[in-house]
Amino acid sequence: MSRILIIDDDDGTRFYLSVLLKKIDPTLEVLQAHDGEEACEILDTSEEAPTLIILDINMPIMDGFEFLKRNSARIDLDKTRIVIQSSSEEPADRDAINAIGLVHDYCLKPIRKDVMIRYLNR
Amino acid sequence: MALFQRDFHHSIGFKLTAGFVLVALLSAAGFHLVSDAVHDDGHKLLLTIMLGVGSNLVIVAVVMYLFIYPQIIRRLNSLNKSIRAITGGNLRRSINAHGDDEITAFERTLELFRQELISREKIRKDALLGQQKLQVILDGAVDGIVLIDERGTINSFNRTCERLFQYSAEEMIGKNVSVLMPRHTAKEHDGYLSNYLQTGHKRMIGTAREVVAIRKDGKTLPVRLSVREIIIDDKRLYCGVLEDMEERNEAEKRYAYIQKFQQLIMSNIPDLLFVKDSEFRIVNANPAFLAVYPESIRHTVIGSTTLESYQPEEREAFLVFDRKALAEGYSENEEVIQFPDGKSRALQTKKVRFYNSQGEAFILGLSRDITAIKEAEDSLRKANSELEEFAYRTSHDLRSPLVSAISLLGMARESIEDGDTEIAVESIKHAEASLGNLEHLVKSILSLTETKHVSEDATDIDLDRLLGSAIKHLNHMEGFQRIDIRIHNNATHVVKTLRGRLLLIIENLLSNAIKYQDPQESNPSITIQITTPGDRLIISIEDNGLGIPESQRSHLFQMFKRFHRRVSFGSGLGLYMVRKSAEILGGELSFEAPEKGARFVLNIPLKPEERLP
């Protein structure tokens with residue numbers, strides 16, 4: 001069973017993504033975090049790392065960039081696929097994000113169904 | 001007596017006498033031989049006479065050939081040729097004198113005569129050349145030059161004179177110089193000359209004075225005249241040098257005009273203009289440059305480097321571009337300089353090397369005060385980067401809820417098609433919320449743009465009333481009733497500033513304090529402290545709410561930054577707008593972290609500064 005973690009401060013986006021994922025595969029376990037800090041708490045408390053993390057960058061409390069920095073040393077994330085989804089084509093700090101090295105894909109909001117299936121199957 | 005002359009034996013007379021004696025002796029000897037051989041007396045005499053005459057003729061012929069021809073005839077011929085050449089003007093044929101006889105004496109005399117002629121010819125040629133040279137010099141002279149004799153007759157009249165007076169030299173030579181003078185002076189001139197000759201009293205000679213001359217067309221010509229006396233072969237000549245005063249006056253006027261014009265530019269140009277010599281001393285400067293220095297030391301600027309009080313290495317640093325201009329002819333630099341009047345200004349300076357008429361190098365410096373331009377440039381750059389940031393943030397933050405709503409509505413449609421109403425309704429609810437957020441955001445941006453352009457005048461502020469109306473505006477907010485607001489107004493001075501702007505700041509800060517109160521706090525409160533130390537107004541607004549996480553504090557006043565979770569939606573523009581407003585009031589807004597909650601401190605001047613818009 002795959003676990004997916006959605007990190008986004010927008011309630012609507014989280015709702016949309018979780019419904020989309022359930023529609024693709026009802027067996028998926030979908031976790032939600034409002035910001036980086038909540039996401040860190042989830043990672044710390046759960047036994048198994050998620051297979052896919054969908055991460056927003058611009059969030060209050062702890063933004064996506066800070067979240068990546070905080071977790072760059074975690075070994076349990078080495079099998080986790082991290083996808084950045086953002087509202088703009090070119091996130092301002094893309095180079096800095098790449099330097100951290102955890103991120104596999106960038107995707108413009110909203111993630112379409114076919115794209116999501118591709119992320120899940122990889 | 002000639003018989004006893006020492007070299008008599010060289011003379012032609014001696015030679016001829018000797019020849020004839022020889023002939024007589026030979027004839028006598030011949031006669032004697034013949035008369036001995038013939039015995040018939042009659043035949044004897046005839047024969048003797050014939051023989052004597054015949055032999056004499058032979059002897060004379062021999063003597064003529066051996067002596068008279070080379071010694072006399074040939075030399076006379078040669079002399080004749082030489083005389084003809086000399087009289088024909090050919091002086092190149094030299095005459096050789098041989099021996100010591102009468103012809104030799106004549107030859108020598110003729111040679112001396114020829115030499116004399118040659119040297120005279122040379123003198124004549126030299127004199128001619130000298131005269132030609134003199135004429136060239138006279139004609140080339142800028143001034144008019146006239147030579148007159150002691151009666152006033154013109155001997156020489158150079159080309160400048162021809163131009164000045166419109167007479168040709170040909171017309172003037174031989175005429176009296178009084179032709180060139182006005183009638184009353186002309187009468188007196190002859191008197192001057194004779195007066196001088198008789199008394200030696202100089203009126204004109206050796207001094208220069210301005211006089212009026214008359215041109216050929218009758219017009220007057222102001223000239224500066226100086227006269228010198230020259231004595232050649234006891235003859236007095238006077239050389240007059242005439243300088244055209246009209247030309248000179250014109251040139252002087254032109255020069256004076258140029259100087260005045262230069263002065264006009266120097267004193268009206270707003271730039272700082274200065275001239276430095278090769279020792280970097282200021283030798284000339286315009287009023288704008290001098291105005292930089294306090295009045296007490298202004299008179300010391302010219303002649304000094306103005307760097308005397310600096311350390312050598314500092315002085316060198318100041319002189320880098322002076323040296324460059326001096327070495328390369330040009331330099332240009334921009335620098336911020338602390339002026340003696342205390343102000344610091346940005347100057348753009350260009351320096352150009354030039355040389356004076358003595359070939360000494362100088363630097364002309366032109367400094368433009370670009371402080372205002374620099375400031376405008378800076379604020380423009382800042383405004384531009386803010387605008388860019390704003391555009392980026394706006395497009396990003398506006399798109400986010402929009403995209404969210406679109407995808408949620410798509411999902412709702414699909415769910416309705418699948419018959420899953422529950423999901424459909426939920427999706428629509430979320431879409432609604434997203435669009436609500438979008439609307440709120442657009443409103444905030446609009447109000448931000450509006451506040452940027454509101455113009456108002458500073459007025460005296462009643463702070464208590466201002467706080468009262470701010471609180472009144474906010475009493476509809478969620479959680480307002482829970483909060484205890486305390487006001488400590490310790491202001492001792494009248495505050496004069498932009499009322500609307502100040503209200504906007506206070507309202508925003510209070511609204512944040514209400515919005516981000518701590519729901520767990522049993523006694524949520526806001527404390528407002530107002531003080532007026534010195535010429536400042538300080539308003540501190542402190543709450544005991546959620547505060548700002550330490551990691552986020554550096555982003556506090558940026559656009560579109562939100563710091564709190566699930567607390568009523570914020571656009572992320574409030575603090576950005578408040579800080580901007582504080583800047584417009586000429587002050588600043590700072591954040592301080594108390595033990596719990598947040599404290600914002602507004603520090604603005606009591607009265608508007610000059611630059612307040």
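Model, not experiment: these values are computed from the prediction. Letters go in sequence order (proteins before strands), and every chain restarts at 1.
- For a residue to count as touching a neighbouring chain, one of its non-hydrogen atoms must lie under 4.5 Å from one of that chain's; by this rule A:I111 does not touch chain B.
- For A:F67, the ring-ring contact (aromatic ring centres under 6.0 Å, His included) test picks out no residue, with sequence neighbours left out.
- Distance check: A:D11 CG to B:K429 NZ gives 12.5 Å after rounding to the nearest 0.5 Å.
- The minimum heavy-atom distance linking A:G12 with B:L408 is given by the pair O-CD2, 3.5 Å.
- With a 4.5 angstrom heavy-atom cutoff, B:S407 touches chain A via backbone and side-chain atoms both.
- The list of salt bridge (Lys or Arg N to Asp or Glu O under 4.0 Å) pairs with a residue in residues 105-120 of chain A, not counting sequence neighbours, reads A:D8-A:K109, A:D56-A:K109, A:R81-A:D105, A:D105-A:R122, A:R112-A:D114.
- Heavy-atom contacts from other residues, nucleotides or ligands closer than 6.0 Å to NZ of B:K443 number 12 or fewer.
- Scanning all heavy atoms of the two residues, the minimum distance from A:K23 to B:S415 falls at NZ-OG, 3.5 Å.
- Residues B:I423 and A:F15 share a closest heavy-atom pair of O-CZ, 3.9 Å.
- No part of B:D420 comes within reach of chain A, as not one of its non-hydrogen atoms sits under 4.5 angstrom from that chain.
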A:D10/B:S434 under side chain to side chain contact (heavy atoms under 4.5 Å, CB included): CA gap, chis, key distance, verdict: CA-CA 8 Å; A:D10 181 37; B:S434 269; 4.1 Å; yes
A:V19/B:H430 under side chain to side chain contact (heavy atoms under 4.5 Å, CB included): CA gap, chis, key distance, verdict: CA-CA 12 Å; A:V19 172; B:H430 278 297; over 6 Å; no
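- The environment of CD in B:E417 is crowded: more than 12 heavy-atom neighbours from other residues, nucleotides or ligands sit within 6.0 Å.
- The closest side-chain heavy-atom distance from A:L108 to B:R399 is below 4.5 Å.
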